[in-house]
Structures are given as C-alpha cells and as structure tokens.
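Heavy atoms only: backbone and side chains are in, while hydrogens, waters and symmetry mates are out. Numbers restart at 1 for each chain; the letters A, B, ... are given by sequence-line order, proteins then strands.
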2 protein chains.
Amino acid sequence: MFDIPVSTLRYYDKEGLFPGIHRDSGIRKFSEQEIDALRVIDCLKKSGLEIKDIKRFMQWCVEGSSTYPARLELFRRQKQCVEEEMQRLQQVQAMLRFKCWYYEQAMQDGNEERLRHMKPEEMPEDIRKAYVQSHLTLDE
Amino acid sequence: MFDIPVSTLRYYDKEGLFPGIHRDSGIRKFSEQEIDALRVIDCLKKSGLEIKDIKRFMQWCVEGSSTYPARLELFRRQKQCVEEEMQRLQQVQAMLRFKCWYYEQAMQDGNEERLRHMKPEEMPEDIRKAYVQSHLTLDE
DNA sequence: TCTTGACCTAAAGTTAGGTTTAGGTATTAC
DNA sequence: GTAATACCTAAACCTAACTTTAGGTCAAGA
C-alpha cells in the first residue's frame with residue numbers, strides 16, 4: 001500500500017513512531033491512525049527531520065492538547081527548513097542549466113577554447129543569470 | 001574560504017575528486033581548477049549524486065572532448081532529478097501548510113473535535129488545496 | 001500431515017560520507 | 001634552540017536509517 005518494506009515498519013515501531021499501536025495476539029494492527037502517522041512520518045522525514053525527533057512529535061500527539069503549541073512550532077520550523085532547501089535547490093538548478101548550456105556549446109565547438117575565454121557579459125542573458133546565481137554563495 | 005573542513009578536502013582527494021591536483025613537495029595546491037571542482041562537487045552532491053559518480057565525472061573532465069556527450073547527459077539527468085525533488089518538496093510544503101493551519105485551529109478550539117469531523121469541503125480553499133495535494137501520492 | 005507463508009524478536013551487518021586519531025615532517029615565531 | 005603550526009598518511013571510528021539473518025510461533029491449504 002505504501003511501498004514501505006515490512007522491516008522498515010517494524011524498525012519504525014521499535015523506534016517508537018507508533019506509540020499507540022494496537023496488537024492482536026502479538027501482531028501489529030495498522031489502523032487509520034498509523035496510516036496517517038506514516039503520511040506525517042514521510043512528510044517530516046522529507047523535510048529533514050530525524051527519526052528521534054519524529055518520535056518526540058508522535059509522543060506529543062498522545063499527550064493531548066497541552067502539546068499543540070509545540071507541534072505547531074515544529075511544523076512552522078520545518079516549513080522554514082523546506083523553504084530554505086528549495087532556495088538551495090534553485091541555485092543548484094541554475095548551475096545545472098549553465099552546465100548543460102556549456103556542454104552543448106562545447107560539443108558544437110568541439111573544444112572549450114571559446115568558452116574558456118568567455119566572460120559573463122558575453123553569455124546569453126538567461127545563461128548569464130544562471131551562471132551568476134550559481135556562483136554566488138560559495139564564492140570568496 | 002569554502003567552509004569545508006580540511007579533513008573533508010583530503011577525503012575528497014583520496015576518493016579521486018581532484019584527479020589533476022598538483023603537489024608542491026607533498027602539499028596539495030588548490031588552484032582555480034580545484035576551486036571550480038569544489039563548486040561542481042557541491043552542486044552535484046546537492047543534486048543527489050554520490051561521490052563515486054562525481055569521481056567518474058571528474059575523470060571525464062581530464063579525458064577531454066570525447067566525453068562531452070557523457071558530461072552533458074549527466075547534467076541533464078541531474079537537472080531532471082532536481083526538478084522531481086522540487087516537486088516532492090512542494091507536496092511536503094503543502095502538508096506542512098495544512099498542519100500549521102490544523103494546529104492553529106486546534107489551539108483556538110482547545111481540542112481537535114471540530115477538526116476531526118471536518119471534511120475537505122468545509123476547509124478554507126487554500127487549506128483544502130494543500131490538504132488534497134499532500135494526501136495524493138501516498139494514498140491507496 | 002506437512003509444508004508453505006505471514007508474522008514475530010533480537011542482534012548483527014550494511015552503506016555513505018565523513019571525522020578522529022596516532023604518528024610523522026617541515027616551516028615559522030620567539 | 002625549541003615550541004607552536006600547518007601539512008601529511010593510514011587506519012580506526014562514527015552516525016543514521018535501514019536491512020539481513022537466525023531462530024521461532026501459528027494458521028491455512030493440498
């Protein structure tokens with residue numbers, strides 16, 4: 001259903017990611033609760049959170065309304081993280097766009113001579129923008 | 001300069017990421033070549049490439065013009081990867097937007113009763129959109 | 001009956017990408 | 001002269017997030 005190996009589900013459970021999971025004579029029963037937990041786990045993992053922090057969140061969920069502020073703050077923080085990650089990826093994309101253009105040119109020319117001496121001002125505008133953007137933060 | 005630990009630079013070199021690096025009586029000399037390599041390494045790493053694949057790219061760079069097509073294809077593939085990653089992150093963001101709204105409501109209400117019975121149709125439009133978007137791929 | 005398959009546990013193993021340590025050389029600062 | 005630094009290597013260590021293995025229980029089907 002979720003394309004997650006059984007071993008991973010057991011690992012998650014061992015790590016405390018399903019604090020309230022019910023068992024039927026030893027066998028884990030995944031209810032709508034846990035399905036939902038899996039969605040949140042997936043989301044929080046992709047937002048950069050570690051398992052132990054996801055566990056803490058799952059604990060908050062069983063602790064009730066007193067932990068609403070903590071949970072809200074967590075999601076706000078992760079939203080911020082993802083926004084920053086997207087910005088980094090946009091810079092990465094700029095570099096990749098530039099590199100694709102670069103090697104298209106190199107293939108046409110058969111060598112990198114012309115490119116080696118090219119200044120940003122001589123590049124097509126969109127490529128120059130990509131070049132400049134991708135050479136920002138890591139420079140100097 | 002790049003805020004990379006010396007140990008990491010040595011590790012990269014050991015992994016073959018600076019194939020043509022020059023040494024002055026045993027000591028590595030980082031020229032403009034290697035500075036540029038570091039930018040590309042950073043970009044390729046963030047695009048999801050592993051060290052051993054970056055090494056392969058660096059090898060191509062010393063092999064000359066015959067590897068232009070391979071290099072171009074690599075950058076095109078990584079561009080694709082990053083685009084897909086951005087889409088995944090947009091879905092994650094939708095979930096986070098929904099969760100932030102959810103807990104803002106829960107804090108106002110003091111409990112989750114109202115929210116528990118709420119159907120997507122009853123949510124504010126932007127939140128409903130976020131909810132629907134974030135519940136897409138992992139569902140059923 | 002028996003054997004196939006789904007579930008279980010605890011514990012060991014795996015992988016990537018570094019980091020740390022131990023031991024050594026060479027240059028600079030006082 | 002000697003002491004603090006910056007560099008070097010090889011090899012051991014580390015962490016997160018799984019995965020694999022070994023060994024066992026139980027129920028259904030041929």
Side-chain angles (χ1 to χ4, degrees), chain A residues 1-35 37-59 74 77-78 81-82 84-85 88-89 92 95 138, chain B residues 1-35 37-59 74 77-78 81-82 84-85 88-89 92 95 138:
Chain A
M1 172 171 178
F2 282 88
D3 222 24
I4 297 170
V6 178
S7 61
T8 304
L9 293 178
R10 292 207 260 258
Y11 165 69
Y12 284 172
D13 187 29
K14 211 178 70 185
E15 292 298 304
L17 263 47
F18 309 120
I21 197 166
H22 182 242
R23 276 166 186 253
D24 204 341
S25 57
I27 292 169
R28 294 172 186 85
K29 291 292 158 188
F30 285 81
S31 71
E32 188 52 46
Q33 276 266 319
E34 281 72 40
I35 305 301
L38 278 173
R39 256 192 294 267
V40 176
I41 289 167
D42 184 67
C43 167
L44 290 177
K45 267 203 330 168
K46 285 181 180 159
S47 81
L49 221 60
E50 294 176 17
I51 300 288
K52 64 173 189 292
D53 297 314
I54 301 181
K55 171 186 178 169
R56 193 155 41 92
F57 169 75
M58 293 302 174
Q59 295 288 351
L74 174 69
R77 202 174 333 117
Q78 292 317 110
C81 288
V82 172
E84 284 160 16
E85 176 65 11
R88 270 190 296 279
L89 282 186
V92 169
M95 170 72 100
L138 249 86
Chain B
M1 170 173 179
F2 282 89
D3 223 23
I4 297 170
V6 177
S7 61
T8 304
L9 294 177
R10 292 207 260 256
Y11 165 68
Y12 284 173
D13 187 28
K14 211 178 68 184
E15 293 298 305
L17 263 46
F18 309 120
I21 196 168
H22 181 244
R23 274 165 187 254
D24 205 341
S25 57
I27 291 169
R28 295 173 186 85
K29 291 292 157 190
F30 285 81
S31 70
E32 189 52 47
Q33 275 267 318
E34 281 73 38
I35 305 301
L38 279 172
R39 257 193 292 267
V40 176
I41 289 168
D42 184 66
C43 167
L44 290 176
K45 267 202 331 167
K46 285 182 181 159
S47 80
L49 221 59
E50 294 177 17
I51 299 287
K52 64 173 188 291
D53 297 314
I54 302 181
K55 171 186 177 169
R56 194 155 42 93
F57 169 75
M58 293 302 175
Q59 294 289 352
L74 173 70
R77 204 175 331 119
Q78 292 317 110
C81 288
V82 172
E84 285 161 16
E85 177 64 11
R88 271 190 295 279
L89 283 185
V92 168
M95 170 72 99
L138 248 88

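In this structure, I21(B) atom CD1 and dC7(D) atom C1' are separated by 13 Å, rounded to whole Å. As a whole-Å value, the separation of D24(A) CG from dA27(D) P is 11 Å. One can place CZ of F30(B) at 12 Å from C1' of dC7(D), the figure rounded to the nearest angstrom. Protein atom CG of L38(B) is 12 Å distant from nucleotide atom P of dG18(C), rounded to whole Å. Separating the CG atom of L44(B) from the P atom of dG17(C) is a distance of 12 Å, rounded to the nearest angstrom. The CD atom of E15(B) sits 14 Å away from the P atom of dT15(C) (whole-angstrom rounding). The distance from atom CG of L17(B) to atom P of dA16(C) is 14 Å, rounded to the nearest whole Å. If you measure from atom CG of D13(B) to atom P of dG17(C), you get 17 Å, rounded to the nearest angstrom.
For the pair I54(B)/M58(B), a side-chain contact is recorded, criterion being any heavy-atom separation below 4.5 Å from C-beta on. Within the 4.5 Å cutoff, no side-chain heavy atoms of H22(A) are placed close to those of Q33(A). D42(A) places none of its side-chain heavy atoms less than 4.5 Å from the side chain of I4(A). Looking at L9(B) and F30(B), their side chains come closer than 4.5 Å, going by heavy atoms from C-beta outward. Between F57(B) and V40(B) the shortest side-chain heavy-atom distance falls below 4.5 Å.
For the OP1/OP2 pair of dC8(D) and a distance below 4.0 Å, the side-chain nitrogens and oxygens of R10(B) include at least one atom meeting the criterion. For the OP1/OP2 pair of dT9(C) and a distance below 4.0 Å, the side-chain nitrogens and oxygens of R28(A) include at least one atom meeting the criterion.
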All N/O pairs under 3.5 Å across the protein-nucleotides 15-19 of chain D interface:
from: dA17(D); atom 1: OP2; to: I51(A); atom 2: N; distance (Å): 3.4
from: dC18(D); atom 1: OP1; to: K45(A); atom 2: NZ; distance (Å): 3.4
from: dC18(D); atom 1: OP2; to: Y12(A); atom 2: OH; distance (Å): 3.1
from: dC18(D); atom 1: OP2; to: K45(A); atom 2: NZ; distance (Å): 3.4
from: dT19(D); atom 1: OP2; to: S7(A); atom 2: OG; distance (Å): 3.4
from: dT19(D); atom 1: OP2; to: T8(A); atom 2: OG1; distance (Å): 2.4

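Closest approach of V82(B) to V92(A), counting heavy atoms only: CG2-CG1, 4.1 Å.
For R23(A), taking side-chain heavy atoms from C-beta onward, the closest of the listed nucleotides dC7(C), dT9(C), dC7(D) is dT9(C).
Side-chain N or O atoms of E84(B) include none that pairs as donor or acceptor with a backbone N or O of C81(B) at under 3.5 Å.
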